[in-house]
Structures are given as structure tokens and as C-alpha cells.
Novice: 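I have a structure here, written as C-alpha cells, and I will follow up with some questions on it.
Predicted, not measured: the structure shown is a model, and the values here were computed from it. Letters A, B, ... are given to chains in the order of the sequence lines, protein chains preceding strands, and every chain is numbered from 1.
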Protein chains: 2
Amino acid sequence: MKSKLNKELVIRLLKYRRILTQLKSLGFEKVFSNNLGDAIGVAPALVRKDFSLLVLGGNKRGGYNIDYLSEQLNRILGKSREQKIIIVGMGKIGSAVAQYKGFHQGDFEVAAGFDISPESLLHKIEVPVLPMSQLKDFIQTQQIEVAILAVPEDVATDCHRQLKDAGIRGILNFTPIELKTTENCIIHNINIGVEIENLFFQVVKSSLPFDVEAALPDLSDEDALADAET
Amino acid sequence: MKSKLNKELVIRLLKYRRILTQLKSLGFEKVFSNNLGDAIGVAPALVRKDFSLLVLGGNKRGGYNIDYLSEQLNRILGKSREQKIIIVGMGKIGSAVAQYKGFHQGDFEVAAGFDISPESLLHKIEVPVLPMSQLKDFIQTQQIEVAILAVPEDVATDCHRQLKDAGIRGILNFTPIELKTTENCIIHNINIGVEIENLFFQVVKSSLPFDVEAALPDLSDEDALADAET
DNA sequence: CATTTGTTGTTCTGTTTTTCACAAAAACAT
DNA sequence: ATGTTTTTGTGAAAAACAGAACAACAAATG
Ligand SMILES: NC(=O)c1ccc[n+]([C@@H]2O[C@H](COP(=O)([O-])OP(=O)(O)OC[C@H]3O[C@@H](n4cnc5c(N)ncnc54)[C@H](O)[C@@H]3O)[C@@H](O)[C@H]2O)c1
Ligand SMILES: NC(=O)c1ccc[n+]([C@@H]2O[C@H](COP(=O)([O-])OP(=O)(O)OC[C@H]3O[C@@H](n4cnc5c(N)ncnc54)[C@H](O)[C@@H]3O)[C@@H](O)[C@H]2O)c1
């Protein structure tokens, strides 16, 4: 099965759309592949390939028309018609996201937060916070499809099950437990801890005087660390 | 340049390490490639290949020794010797991360937070929050290498510059502005807004009665032709 | 001791994704 | 009109990545 619209491509499209919206609000009318590439951090050739794949044409010298691109991206990505999400686990991360105003032109709205102890929340939240007992009913009557999971990791799988039981179709999971996508529930994991560790590793690696990778294969016998070269 | 230790591989290694730590604390001694695969959501063959690449051997029937693997991963990934990070922008996201306790066996410590108005913070934080005027000095005297950036997006590039000027080597960037890795400062972007939009898209796509992708190519005749002018 | 079983280690192959390179087209300049 | 510049569009090459297959081998079994 050859899948156009792979995951990375969709992410780039979403980023293009965001940039285009900003450019438009600044009064720009056209944009070049290298502008967009710079803005989202990819090579200009890839930008052109992306649009070429989606049959979105530009003009041989004048670049791409912003209004047209915007429209077409909205068509392809879905107009995001005022969808609602819920957040399960209104602790530190959950509350922060609940109050986030930066979603693309305000398309999304947090319909409610859920928590095992809604009354003991540290600071006031603008969205209603309900007890877990109302979770299933709320999801079904309000027809919620997407949830953010931000509970402690030891209850992550349990909450995952509850969400699936209630009919949730997609979960953005902030817990370090790696949940898995199933037939009718898509999972995207965001593991901030791993991201930080990863960054540390890359930084250390880059500031080392020798090439870490070169030193790897022959470490089977203890301290071969000292000798390495480029 | 054939790169061992590619980006995805490093992330898997970090996840293996986390799982191994947990298994060890549960009293396990050995683990099979399919256990690890399940835990981090990849195929067992990939787990074996990863270890094979790093010359980490298992036992032909008894799987991998957890202590050994753990040790070796620590060696390869760096022992994370009590490194310190700072957080710039102690708003909702910044504060949440500042109080996160879940970093791998407490290897990282948030040395300080920085904010343009440290006094007006909503709730009490356990780490010191300092004014931006002290940023450069703190980074240099404390030898901080890694920072988390969580300021409003309109000041993101400015703060980015300040961090680079102060000698920061790596930034985990939570703002929607796509910062770019340079010679001596590695950037990892986490764009939560895009992640949510992406999840929405995948969910909508999966619940559609027809194939979105199939509908893509032939829309050129509907209303085609971008028009550009000077 | 021979046989069966389970799991690793590795090769090979296929797929997907990105970059390169350059012809073609449009706009501009003279 | 003609030449020059700029930027797209895309086929072909390269790189990154994953998966399937299976031989090798250690342990368990009888
Ligand atoms: N804070 C961070 O920066 C951060 C970073 C990365 C990952 N995480 C992960 O995100 C998750 C939440 O982290 P946090 O820092 O917000 O923790 P937190 O303790 O501040 O919040 C957890 C919330 O979940 C609620 N809760 C507990 N059990 C529940 C249940 N069974 N059902 C519903 N709600 C329940 C608690 O009442 C609490 O409000 C954790 O898994 C953590 O590992 C947090
Ligand atoms: N809250 C979320 O869930 C969320 C999600 C995704 C992305 N983000 C992004 O993270 C960033 C922060 O979001 P937030 O919700 O925490 O915002 P926030 O307004 O709560 O926090 C921003 C903080 O930065 C400080 N600040 C402002 N200008 C500064 C400067 N020049 N130098 C230093 N500090 C400065 C402010 O005083 C404030 O405390 C934004 O770019 C936002 O788009 C937030």
C-alpha cells in the first residue's frame, strides 16, 4: 500500500499552513519554496516536492500564491471545524495545556478536564473540571473524539482503557508509558523526558573531541575510549 | 557518511534504558527482545538489530542480561552525571516542566528558571526563578549547557539569541517558532499545537467512509489555476 | 546422548523519504 | 526581440530505516 500523506508530510503541511496564515496576516501575497523551507526548517526542494505531490502548483517565477495554497491546505487537512477535546489528568501538564491559547486560529476548544480529585486543583482553570465518574457519559453525549492524557504513569494504562471504552478515537499521551495505536484508537506519544535526555546526549556527543560513533564497535574490551580519531 | 547512532536509534536506546531500570527494580534479571519490543512499541527484530549494531550480546536462549545491558547503555548514552538545565519562560508550560519529577532516575536537575517578570508568578515553584538580567552570568558561572525555552512566541527568537550568546549548547524549544540547529547550538523543537492538529487529522481521516488520499490527485479540475500578479 | 525448543545474530531485501541537479517556464531588462 | 535571471517541477540518485527470514547455537528434555 503506497501511502501518500505520510506522517512527516502531514506535519509539514500543518506547519506550512500555520506559516501561511501568519504571512497572510502580514499582507504578503506570494511566497517561495525557500521561504517556507526556512520557516519550517526543511530544504526548499522538499517544499516543492510536497506541493508537487499534492498537485499544488506555483508560478515559474513568482513563487506560490498564499491564498491559493492556504485554501488548498485547508481542504486537504480538513477545515478543523471547531472540534472539542478533553484532558484527562489536570495536574501540572494537563492544566498548562488546558489554558493554551495558541492552537491554530483557535480551532480547538478544550471542552472539559477530568481528574480523580477535581476539587483539589492548585490554581483556577477556565475550563470545567469534572470527576472521572462523568468521563464516559460526557464523551458520549458531547461526542468527543480526541483526548489528551496527562495522568501519573502508574494509572496511564487504566485511563487509556477507560478512554477506549468510552469510544475515544485518538489520544495524545504525555505519560512515559508507550501506549499503542489500535484499530479504533490512534495514539501519539510525546515523551518530554526522553526528549530532554536525547538533547543532552546530542550536546555531549557534539562537544566531545573525538567521534563517539567511531569508538563504539571496539569497546568490547574495556577501555578503548582513549584512542579515537577522525 | 554512514551514521550509526541515527536519531531514531538514540531515542530507542533511551527508551530501552528506561524500561530496563524499571524491570530491574521489579527484580527481573533477564529480558527478551520481544519484551523490550512490546514495551517501546517496535518489532523484536529491530531490538535485536539495535543491540547487534552496538555489539551488545545476549544469550542464545536466555535473552539479554538486564544489568549488563543497563550498564552498557549507560556507557553509550553517557552516564548523565547529574546535569543541570535551566528553563527560560516560567509560564504555564515552563513551570510544569520545572516541577517534573519524572526524569530518568533523577539525573537532571532544574538549576533555575528565568522570566522577564519573576515576581508575578502564579503559584510557588520549588526552583529559584531569576530575572533575565542574570541569565548570561548564571549560565557561564554554573556552566549550564542545556536550556528549555518556553516563552511567548513573539520573543522566541530574541531569547534564542540570548541563549546562544551566553554559550548554551542545546535548546528544547516549546514555542511554535521553528528554531534551527547551528554549528554550536543544537535545537530540538516540540510543537504541541501541531501534534494535536496532527492527531485530529489522523482521527478524522481514519473515520471517513472513503479514502482521503484517493480523493487527492483529481481535484485539479475542480477549481485549479493559481493566478499570480505583480 | 540425541532431540527438541526457543531465542539470538545477521544478512538480505524492500520501502520510504530526502536530496541533487538541471531543464523548462515566466518575468524582467535592455 | 533577445538575452538574462529567477524559481519551479521532477526524474534519478542517495540515504535512512525497517522487516522478514533463517542459520547458529544454548538450554531443556527425555
Ligand atoms: N510535568 C511535566 O513537565 C511532565 C513532563 C513529561 C511528562 N509528564 C508526564 O505527564 C503526566 C502528568 O504529569 P504532571 O507533572 O502533570 O503530574 P501531576 O501529578 O501534576 O498531575 C497528575 C494529575 O492526574 C490526576 N490523577 C491521578 N490519578 C488519576 C486517575 N486515575 N484518573 C484521573 N486523574 C488522575 C491527579 O489528581 C493530578 O491532578 C505524568 O505521567 C508525567 O510523567 C509530565
Ligand atoms: N501552554 C501550553 O500548553 C503550550 C503548548 C504548546 C506550546 N506552548 C508554547 O510555549 C510557550 C509558552 O506558553 P505558555 O502557555 O507557558 O505561556 P505563558 O504566557 O504562560 O508563559 C510565558 C512566560 O514567559 C515569560 N516571558 C515573556 N517574555 C519574556 C522574555 N522576553 N524573556 C523571558 N521570559 C519572558 C512570561 O513572563 C511568562 O511567564 C509559548 O510559545 C506557547 O506557544 C505552550
Novice: In whole angstrom, give the distance that lies between atom CG of B/D38 and atom P of C/dT7.
Specialist: 13 Å

Novice: In this structure, how many angstroms lie between the C1' atom of C/dT11 and the CG atom of B/L46, rounded?
Specialist: 15 Å

Novice: Whole-Å distance between C/dA26 P and A/K30 NZ?
Specialist: 15 Å

Novice: Rounded to whole angstroms, how far apart are NZ on B/K49 and P on D/dA16?
Specialist: 14 Å

Novice: Should the ring pair A/F51 and A/Y64 be called parallel, tilted or perpendicular, given that the plane angle runs from 0 to 90° and is split at 30 and 60?
Specialist: perpendicular

Novice: Please encode protein proximity along nucleotides 1-9 of chain D as a string of B, S and -, counting only heavy-atom distances under 4.0 Å.
Specialist: ----BBBBB

Novice: I need the CD1-P distance between A/I11 and C/dT17, as an integer number of Å.
Specialist: 12 Å

Novice: Would you check if the side chain of A/K164 reaches a backbone N or O of A/N184 as a donor-acceptor pair within less than 3.5 Å?
Specialist: no

Novice: Looking only at side-chain atoms of B/N6, point me to the closest of D/dC17, C/dT18, D/dG11.
Specialist: D/dC17

Novice: B/I144 and B/I168: which non-hydrogen atoms are nearest, and at how many Å?
Specialist: O-CD1, 3.7 Å

Novice: Rounded to whole angstrom units, what separation is found between the CD atom of B/E8 and the P atom of C/dT15?
Specialist: 21 Å

Novice: Is it the case that over 12 heavy atoms from other parts of the model lie below 6.0 angstrom from the OH atom of B/Y68?
Specialist: yes

Novice: Please check this pair: side chain of B/N35 against backbone of B/F32, looking for a donor-acceptor N/O pair closer than 3.5 Å.
Specialist: yes

Novice: Considering residues at least two apart in sequence or located in another chain, which fulfil the side-chain hydrogen bond (donor to acceptor under 3.5 Å, both in side chains) criterion with B/S33?
Specialist: B/R48

Novice: Atom CG of A/N65 to atom C1' of C/dA26: distance rounded to whole Å?
Specialist: 16 Å

